Amino acid sequence: MAQDKNNIRLTDKQSIPRVVAAMTAEEKVSLVTGMGLRIEGLPPGILPPGDPKDANIPEKVPGAAGRTHAIPRLGIPSLTLSDGPAGVRIAPFRNNDTTRPYYATGFPVATLLASSWDTALVTQIGKAMGKEALEYGIDVILGPGMNIQRNPLGGRNFEYFSEDPLLTGHMAAAIVRGVQSMGVGASIKHFAANNQEFNRMQLNTIVSQRALREIYLRGFQLAVKYGQPWTVMSSYNKINGVYTSESPALLKNILRGEWKYKGIVMTDWFGGTDPVKQLNAYNNLLMPGFYAQSQALLAALKDGSLPAQTLDANVAGILQLAIQSPAFKKYKYTDKPDLTGSAAIVRRAAAESMVLLKNDSALPIAPPGKVALFGVTSYKLIAGGTGSGDVNKAYVTDLDKAMLQGGYVLDAGLQTEYARYIAEKTAQQPKPTGLFSTPPPIPEQQPDTDAINRLAKYMDAAIITIGRNAGEGSDRKVEDDFLLREDERTLLKAVSEAFHANNKKVIVVLNIGGVIETASWRSLADAILLAWQPGQEGGSSIADVISGNVNPSGRLAATFPMAYQDVPSAADFPGKELPGGSDNGNPLMGKPSEVRYAEDVYVGYRGYTTRNIATAYPFGYGLSYTTFSYSRPRIASAPGTYPVRISVTVTNTGNRPGREVVQLYVSAPAIAQGRPVRELKAFAKTAILPPGGKETLQLSVNTQDLAWFDEAKMAWVVTPGNYKFELGSNAAAVISSADLKIPKEIIAEKVSVSVK
C-alpha cells in the first residue's frame, strides 16, 4: 500500500529518503539556507535581508550565531548553532532582563590548550563545552578553529592550535570527541588555508598542491579521521582562484571522496558569492542564509543549473544532522549549566598548559611571599580574544585577586593606584566601531622611580604582566604589538633595575593571544611564564604555577622567533590588494586581494630548522620545575611492518613531581624537491611522575606520516633510504634517535584531485 504523504515524518535515518521525496522545492531550498542573522544595533544595509517570513519567528537562543528552518509538517526541527572556539557564545541577557543571566564559561584559548600536548585533557574541555551547549539548547558548536598559525600576526591565531598540522589535527579531534560525546555537534573550521583576516572574503590564497596537502589540509584530514565531526565549515577565501565553498575538488572529491567524510559542510557566515555553485560543490548549508540566496536556488532548480538530485543530496545531509541533534531528540535543556564544574576544569587545564620559557631560580615562589604586581593586565586579565571567538562570561579572575586568595602579600597602595588608573583609562576608551573590534590597549603607567625603589626594598619579587589582545576582522601589527610598546619597555627596565639592585627577582607573565618578540628584553627578567589567554579562571591558574602547586608542563605549539623578519612567511603576509578592486560598498567584504604562500611547506619550525635560523624559543620548547631523562628509543615493531612503533622510558630525575611531553620527530632521506630537516610525527605526555618515577610510552608512525606529497605522481610517497626517529625536547634539540632503513619506495596513497 502506498504511504500517505500526509503522515510522512522524519523519524530515523531510514525515513530520510521518504521525507526528501515528500518535500516541496521551496521547503528543500529553505532547509539549505539558514534563517538569517540578527545583530542588535547594526546599521541597516550591512547585512543582506533575510526571508520576510522569518522576521517574526522568535529566536530560541538569543545571541546564537544562526539557525536552520523548521518544517513542522515533516517533523524537521530548527537547529541552533552557536559560536564556540573558547566556549558557547550567546547573549548574556534576554528581553532587557538583567536579573537572569545566561553566562557561559570562558575556556582557555586553543593555542593554550594545544600547549598542553595532552589530548585527554582537551577532550575533557570538549565535554564541558558540549554539556554547556546542550543545557543552553544549542545543537552545533561552531568550533574548534583549526587553521595553521602561518604567521605570528594572524588576528585569530588564538582561536587556532598550532603552526604544526599533526598537533593541530589531534587537538581538534580531541575537542570534537569531547563535545560530541554530549550529543552536540562540532564544526571544524575554516576549511581551508584561511590563515589571516586581511580582506578575508575576497582573498585568493595561492599555494602549491604539496603545501596544501602536507600543511593546510593535513590537520583537517586528521580531525575528520579521529574526531568524525558532524559538520565542517568552509572558509571565506579562494584557493588558487576558486572559493572554497564553491570547490567540488575540495568539498566533494577530497573531503567526502578521499577522506570518507559523512557529515555536512556549511559556509562561513556570508561566505562565497554563488549559492548555486556552492550547492553543486556539496556545500550543504548556506549560513546565516538570506532571501536572495533562496530565490537564486529556486530559479536554478527550474532552469536545471542546480540538478534536483544534487539539491536532494544536500537536503539529505542536513536531515542526517537533524536526527542526531538535541532538538530532534527533544532534549529538555535547563538553561542552567554546571558553570562551577566547568570553572574547575578551566583552572586546571590552563595551569597544566602554561609554558615556562625562562627560569633563573625565580620560580616557584611559595606563599606568603611578598610580591609587587605591575602591569595593567595583572589587574585586568585578558581571558580570551575578541570577535566570534569571545564568550560572555560571568567573571574573570584577575591575577591580583588570585594572588591574595593564594596567601601572597601584595602592596595595597599599588593595587589601589592600578584600580584607579584602569577605571579612568577604561572610561576614556572609544566606543566599539563595526561588527568586530578589539579595544585599544590601556598604556602602562609611567613608573614612579621612588615608589619602585621603595617596593624593591621590602618586597620579595616583582611580577610584571604584559597583555595582548586581537580578534576577528583584522590582523596584528609588528610595531606596538609583536614588539613591545615603549611604555612597556620603560616599565620593564625601571622595575628590573630597581629589583635587581636589591638582589630581588623579576618575573614576566605573558598574557597574550599571539606570539610576540622576546629576544630584545628577556635578559631583564629572571623568569618568563607564558600564560597565553587562559580563560576566566586565568589569574588562579597563573597563581597555581607561580606557587608550584602545579608544575608547568606546557610546551610551545608555535615558535617564538628572534625577529619578525625571520618568520618564513614575513615577506608574504598578509598579501596585497589587487588593482581596481572594490568592496562593493560593504566594508565587511574587503577588497579583492591575493597572498602567495612562497615559503611552501617551510612553515614555522620547518622553516627555521631547515634554514638553520636561530629562534628565541623553538617549537616544542618548555621548562619544568623538575628534570627528566630518556632511555634510548627502541623500534618495537618488526622490520617492514607499519605503523612503526617506538618505545621510550621517561624518568623524573628531579625533586618535584611533574609531567613530561615526549616529542617524536622524523628526519627523512633527502629528495630533489626538498624536505624539512625534521617534522613532528607523534607525541605523548606522561602521567604525573614522582621524583624517581618512570613511565614507558609507545608512539606509532604510519606510512602516510613518513610520506611527502609528490605533485608529479599525485601521491603520498615514502622515499627509500634511512629515516631517523628523533626524540626531541623541542624541534631544535634532539635528545636521542633510532634509525630505520626503508629499502624501496612505498606509495602510501594515490589521489587524483588538485585544488584549483
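For reference, positions follow the sequence shown, starting with 1. All values reported here derive from a predicted model rather than from experimental measurement.
- Distance check: Ser754 OG to Ile254 CD1 gives 8.0 Å after rounding to the nearest 0.5 Å.
- Under the 4.5 Å side-chain criterion, counting only non-hydrogen atoms from C-beta, Phe191 is in contact with Leu251.
- A pairwise comparison of heavy atoms in Ala223 and Pro229 identifies O-CD, 3.6 Å as the closest pair.
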Checklist entry - Would Leu306 and Leu297 count as a side chain to side chain contact (heavy atoms under 4.5 Å, CB included) if you check the C-alpha gap in whole Å, the side-chain angles of each, and the deciding distance to 0.1 Å? => result CA-CA 7 Å; Leu306 175 61; Leu297 292 176; 4.0 Å; yes
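- Between atom CG of residue Leu217 and atom CD1 of residue Ile148 there is a gap of 10.0 Å, rounded to the nearest 0.5 Å.
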Checklist entry - Under the side chain to side chain contact (heavy atoms under 4.5 Å, CB included) criterion, do Leu319 and Ile76 qualify, and how do the steps go? => result CA-CA 8 Å; Leu319 294 180; Ile76 302 171; 3.6 Å; yes
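- Ile138 approaches Val184 most closely through the heavy-atom pair O-CG2, 3.9 Å.
- Applying the salt bridge (Lys or Arg N to Asp or Glu O under 4.0 Å) rule to pairs touching residues 168-180 yields nothing, sequence neighbours excluded.
- Between Gly384 and Asn469, the shortest heavy-atom distance links the atoms O-OD1, 3.5 Å.
- Residues Phe619 and Ser162 are in side-chain contact: their nearest non-hydrogen atoms beyond the backbone lie under 4.5 Å apart.
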Next on the checklist: Checking Thr205 against Asn240 for the side chain to side chain contact (heavy atoms under 4.5 Å, CB included) test, could you report, in this order, the C-alpha distance in whole Å, the side-chain angles of both residues, the deciding distance, and whether it holds?
Outcome noted: CA-CA 6 Å; Thr205 298; Asn240 298 329; over 6 Å; no
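- Checking Asn283 against Thr267 by side-chain atom types alone, no donor-acceptor pair falls below 3.5 Å.
- Pairing each heavy atom of Ile90 with each of Pro62, the nearest pair is CB-O, 3.7 Å.
- Using modelled atom types, one finds no donor on one side chain facing an acceptor on the other under 3.5 Å when comparing Ser294 with Thr33.
- Test Glu594, Lys591, Glu577 against Asn199 for side chain to side chain donor-acceptor pair (under 3.5 Å) and you get one pass: Glu577.
- With sequence neighbours excluded, the residues that form a salt bridge (Lys or Arg N to Asp or Glu O under 4.0 Å) with Asp83 are Arg89.
- Between Tyr282 and Leu255, every side-chain heavy-atom pair lies at or beyond the 4.5 Å cut-off.
- Between Gln320 atom CD and Lys262 atom NZ the span is 10.5 Å, to the nearest 0.5 Å.
- Dense packing is recorded around NZ of Lys750, with more than 12 heavy atoms of other residues, nucleotides or ligands lying under 6.0 Å away.
- Listed for the Glu246 side chain is a donor-acceptor partner under 3.5 Å among the backbone atoms of Thr273.
- The list of salt bridge (Lys or Arg N to Asp or Glu O under 4.0 Å) pairs with a residue in residues 207-229, not counting sequence neighbours, reads Arg210-Glu214, Arg213-Glu258, Arg218-Asp705.
- Using a 4.5 Å heavy-atom cutoff, the side chains of Trp708 and Val717 are in contact.
- Listed by chain and number, the residues in a side-chain hydrogen bond (donor to acceptor under 3.5 Å, both in side chains) with Ser752 amount to none (sequence neighbours excluded).
- The salt bridge (Lys or Arg N to Asp or Glu O under 4.0 Å) analysis of residues 20-31, with sequence neighbours excluded, yields the pairs Glu27-Arg73, Lys28-Asp312.
- Exactly one residue among Thr68, Ile318, Leu286, Ile264 makes a side chain to side chain contact (heavy atoms under 4.5 Å, CB included) with Val32. That residue is Ile318.
- Side chain to side chain, Thr111 and Gln149 meet the donor-acceptor criterion of an N or O pair below 3.5 Å.
- Nearest heavy atoms, Ala327 versus Pro77: CB-CB, 4.1 Å.
- For Asp600, the side-chain hydrogen bond (donor to acceptor under 3.5 Å, both in side chains) test picks out Ser208, with sequence neighbours left out.
- Dense packing is recorded around NZ of Lys60, with more than 12 heavy atoms of other residues, nucleotides or ligands lying under 6.0 Å away.
- Atoms NZ and CZ, from Lys576 and Phe198 in turn, are 10.5 Å apart once rounded to the nearest 0.5 Å.
- Looking at Ile71, Val20, Ile16 one by one, the single match for side chain to side chain contact (heavy atoms under 4.5 Å, CB included) with Leu10 turns out to be Ile16.
- Between Leu203 and Gln196, some side-chain heavy-atom pair lies under the 4.5 Å cut-off.
- With sequence neighbours left out, Lys713 forms a salt bridge (Lys or Arg N to Asp or Glu O under 4.0 Å) with Glu745.
- Using the six-membered ring where Trp is involved, Tyr216 and Tyr597 have ring planes that are tilted, between 30° and 60° apart.
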Next on the checklist: Thr105 vs Glu132, test: side-chain hydrogen bond (donor to acceptor under 3.5 Å, both in side chains). Steps then yes/no.
Outcome noted: CA-CA 8 Å; Thr105 300; Glu132 282 191 25; 2.4 Å; yes
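- Under the rule for a salt bridge (Lys or Arg N to Asp or Glu O under 4.0 Å), the partners of Lys53 that lie at least two apart in sequence or sit in another chain are Asp51.
- Residues satisfying the salt bridge (Lys or Arg N to Asp or Glu O under 4.0 Å) criterion with Glu599, sequence neighbours excluded, are Arg150.
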Item to check | side chain to side chain contact (heavy atoms under 4.5 Å, CB included) assessment of Leu142 paired with Met233 | outcome: CA-CA 8 Å; Leu142 304 176; Met233 184 188 292; 4.0 Å; yes
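- Screening residues 194-209 for salt bridge (Lys or Arg N to Asp or Glu O under 4.0 Å), with sequence neighbours left out, gives Glu197-Arg200, Arg200-Glu472.
- The side-chain heavy atoms of Leu285 and Val265, taken from C-beta on, include no pair separated by under 4.5 Å.
- Within 6.0 Å of the NZ atom in Lys127, the count of heavy atoms belonging to other residues, nucleotides or ligands does not exceed 12.
- Checked by atom type and distance alone, the side chain of Arg606 never pairs as donor or acceptor with a backbone atom of Glu679 at under 3.5 Å.
- In terms of heavy atoms, Trp269 sits closest to Tyr236 at O-OH, 2.7 Å.
- Separation of atoms CG (Asn204) and CD1 (Ile239) is listed at 9.0 Å; rounding is to 0.5 Å.
- For Ser245, the side-chain hydrogen bond (donor to acceptor under 3.5 Å, both in side chains) criterion is met by Gln278, not counting sequence neighbours.
- Annotation: Tyr226 is in aromatic contact with His170 [ring centroid separation under 6.0 Å].
- A donor-acceptor contact under 3.5 angstrom links the side chains of Ser305 and Asp303, judged on distance only.
- Listed by chain and residue number, Thr231 satisfy the side-chain hydrogen bond (donor to acceptor under 3.5 Å, both in side chains) test with Ser187 (two or more places apart in sequence, or in another chain).
- Annotation: Tyr291, atom OH; neighbour count of heavy atoms from other residues, nucleotides and ligands within 6.0 Å does not exceed 12.
- Counted within 6.0 Å of CD on Gln704, heavy atoms from surrounding residues, nucleotides or ligands total more than 12; the atom is thus considered enclosed.
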